Protein chains: 2
Amino acid sequence: METILPKFDSVFSIDCVIFGFDEGELKILLIERNVEPFIDWWALPGYLVEENESLDHAAERILYELTGLRDIYMDQFYTFGDVDRHPQGRVVTVAYYAMLRLNGPKELKPVTSYARRAVWIPIKDLPKLAFDHAKIFERGFLKIRNKITYQPIAFELLPEKFTLTQLQHLYEVILNKSLDKRNFRKKMLNYGILKELDEKQKGVSYRAAKLYKFDKRKYARLFQKELTFGK
Amino acid sequence: METILPKFDSVFSIDCVIFGFDEGELKILLIERNVEPFIDWWALPGYLVEENESLDHAAERILYELTGLRDIYMDQFYTFGDVDRHPQGRVVTVAYYAMLRLNGPKELKPVTSYARRAVWIPIKDLPKLAFDHAKIFERGFLKIRNKITYQPIAFELLPEKFTLTQLQHLYEVILNKSLDKRNFRKKMLNYGILKELDEKQKGVSYRAAKLYKFDKRKYARLFQKELTFGK
DNA sequence: AATATAAGGTGTAATTATTACACTAAGTAG
DNA sequence: CTACTTAGTGTAATAATTACACCTTATATT
């Protein structure tokens, strides 16, 4: 590995692809930058790693500063280190994704100096992004699309109580294909990681669906098992 | 992301888990360190990233310096950034794995200053490793174990021409379980990514097995498809 | 009260993939 | 020519995946 430190000025940052599911759409949280470079551009939330924090800690901090939320499922997925990815010098960035239950406001007032505001934006109409953030987003999205086929991470995006139709819809949005209702239910219920509640949906203008809860204990058992989806 | 650079002295490095398959064993390439810290310890090959090279380039360079080989399949798998992982300061390291056809000598004379020598060591008897390299190895190994179940990366480890038994043995070593010969062959041949040759093994003191070649064209088609293994 | 609307909820048969399992064939060495 | 060692092969049972359509239930409307 390494010998005499440091060799040249370098710095690393964290960037986060924060997914949320709302109004039947998959969204990510973007910030409007307040500082140069790329001032006024949309960007992924991210910032430099502090001197005395681990990468994971930095990722959690950045998420907290934007959303006020802690203890969110985050996963590191790739590190981007092209020489010219930052116009002001060498910055290597470690990318994380997170999945959030969306229920708060659509626009957040972040408690950071570098972002004017943070907004949930549907992934199907993302604006141009600063730096190489479009590439980072792409890779993060690919990651969760793969992951969802063998690990039920989708639950992180749903409210605590949800209907099977909501769950299916989320899968469809992430996988970008439609699934067969009967097969989907059969498969999901077979996993045994859903707890059927004695409750039904409220406030809908049609037949209310049963609500389900995600069973974390049983989920843990399935953790490493591969699950796939067909049509 | 980032604003005014840099904030503090920091540096990043690459560490490589380089797999090879030889004498029926899965091995990795370790170096004996020539410099402080951890002088005389075994470590994963790795070094600081240069000012004007990308991460991928640095990984390839490090591999080249050790083995003289270029154009090897390498994949970034995780970045380790605990504050205290390096005794001399903050070093974030980006880890790559590589897979190599092993046919050269078992000990290499690396053309680097920081390594006294490089040796292929079976993963089942790894020595204590410098820094957090044991953790890095573990994660890399886990990665290829998962990956091999859905992508035929195993071919990178075999000679150009190989027998089905050799291939099966490699799978067994990586997955750490024995597989059924008939099922394994059926499945492998079904993928259609093997080309049967008109050649047989030479120099064995028993019935010689047919040799196969890996068909890269067809492999590319299967690339994203998931393949799993049972017993 | 009757009707329309909209989503909820359900089963089966066909196909495909996975698993378990044991013997004969072929070549080499003595 | 015999013994040894690995190569090579098929089938039946089980499990998983797919394709596919109708009735039910709650609400809203008249």
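Order of the sequence lines sets the chain letters (A, B, ...), proteins ahead of strands, with each chain counted from 1. All values derive from a computational prediction rather than experimental measurement. Because only heavy atoms are used, hydrogens play no part in the values below, and waters and symmetry mates are left out as well, while side chains stay in.
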Electrostatic pair B:Glu25-B:Lys124, nearest N-O below 4.0 angstrom: yes
Within 45° cone of B:Phe141 ring axis and under 6.0 Å: B:Arg145 NZ or CZ: yes
Using a 4.0 Å heavy-atom cut-off to protein, can you give one letter per nucleotide of nucleotides 23-30 of chain D, 5' to 3': B if the base is in contact, S if only the sugar-phosphate is, - if neither? -BBBSS--
Determine the interplanar angle of the A:Phe162 and A:Phe155 rings, folded into 0 to 90°, and report it as parallel if under 30°, tilted if 30 to 60°, perpendicular if over 60°. tilted
Could you tell me how far apart B:Phe184 (CZ) and C:dA20 (C1') are, to the nearest whole angstrom? 17 Å
Please write out each protein N/O paired with an N/O of nucleotides 10-13 of chain C under 3.5 Å, distance rounded to 0.1 Å.
residue : atom : partner  : partner atom : Å
C:dG11  : O6   : A:Arg182 : NE           : 3.4
C:dG11  : N1   : A:Arg182 : NH1          : 3.4
C:dT12  : O4   : A:Lys186 : NZ           : 3.2

Does B:Lys135 pair with B:Asp82 as a salt bridge, N-O distance under 4.0 Å? yes
Between P of C:dG8 and CG of A:Leu167, the distance in whole Å: 13 Å
With sequence neighbours excluded, what pairs up with A:Phe77 under the ring-ring contact (aromatic ring centres under 6.0 Å, His included) test? none
Nucleotide C:dA7, atom P - distance to NZ of A:Lys202 in whole Å: 20 Å
Do you see a donor-acceptor pair shorter than 3.5 Å between the side chains of B:Thr165 and B:Arg185? yes
note: B:Asn190, atom CG; C:dA17, atom P; distance rounded to Å ~ 8 Å
Measure up the B:Phe19 and B:Phe137 rings against each other and bin them: parallel (under 30°), tilted (30 to 60°), perpendicular (over 60°). tilted
Hey, what bend do you get for the helix from C:dA1-D:dT30 to C:dG30-D:dC1 if you fit axes on five pairs at each end, rounded to 10°? 10°
Scan B:Thr165 against the nucleic acid and name what it touches under 4.0 Å (heavy atoms): base, sugar-phosphate only, or nothing. sugar-phosphate
Can you confirm whether A:Asp71 is buried at CG, in the sense that more than 12 heavy atoms of other residues, nucleotides or ligands lie under 6.0 Å from that atom? no
Please report the distance, rounded to the nearest Å, between CG in B:Leu164 and C1' in D:dT9. 12 Å
Among all residues two or more places apart in sequence or in another chain, which pass the side chain to side chain donor-acceptor pair (under 3.5 Å) test with A:Arg116? A:Glu32, A:Asn34, A:Asp40
Expressed in angstrom and rounded to an integer, what is the separation of A:Phe162 atom CZ from C:dG8 atom C1'? 16 Å
Rounded to whole Å, the CG-C1' distance (A:Leu179 to C:dG9) equals 17 Å
Between atom CD in A:Gln168 and atom C1' in C:dG8, what is the gap in whole Å? 12 Å
May I have all residue pairs that pass side-chain hydrogen bond (donor to acceptor under 3.5 Å, both in side chains) and include part of residues 201-212 of chain B, sequence neighbours excluded? B:Glu196-B:Lys210
Does one side chain, of A:Asp15 or A:Thr93, offer a donor that lies under 3.5 Å from an acceptor on the other? yes
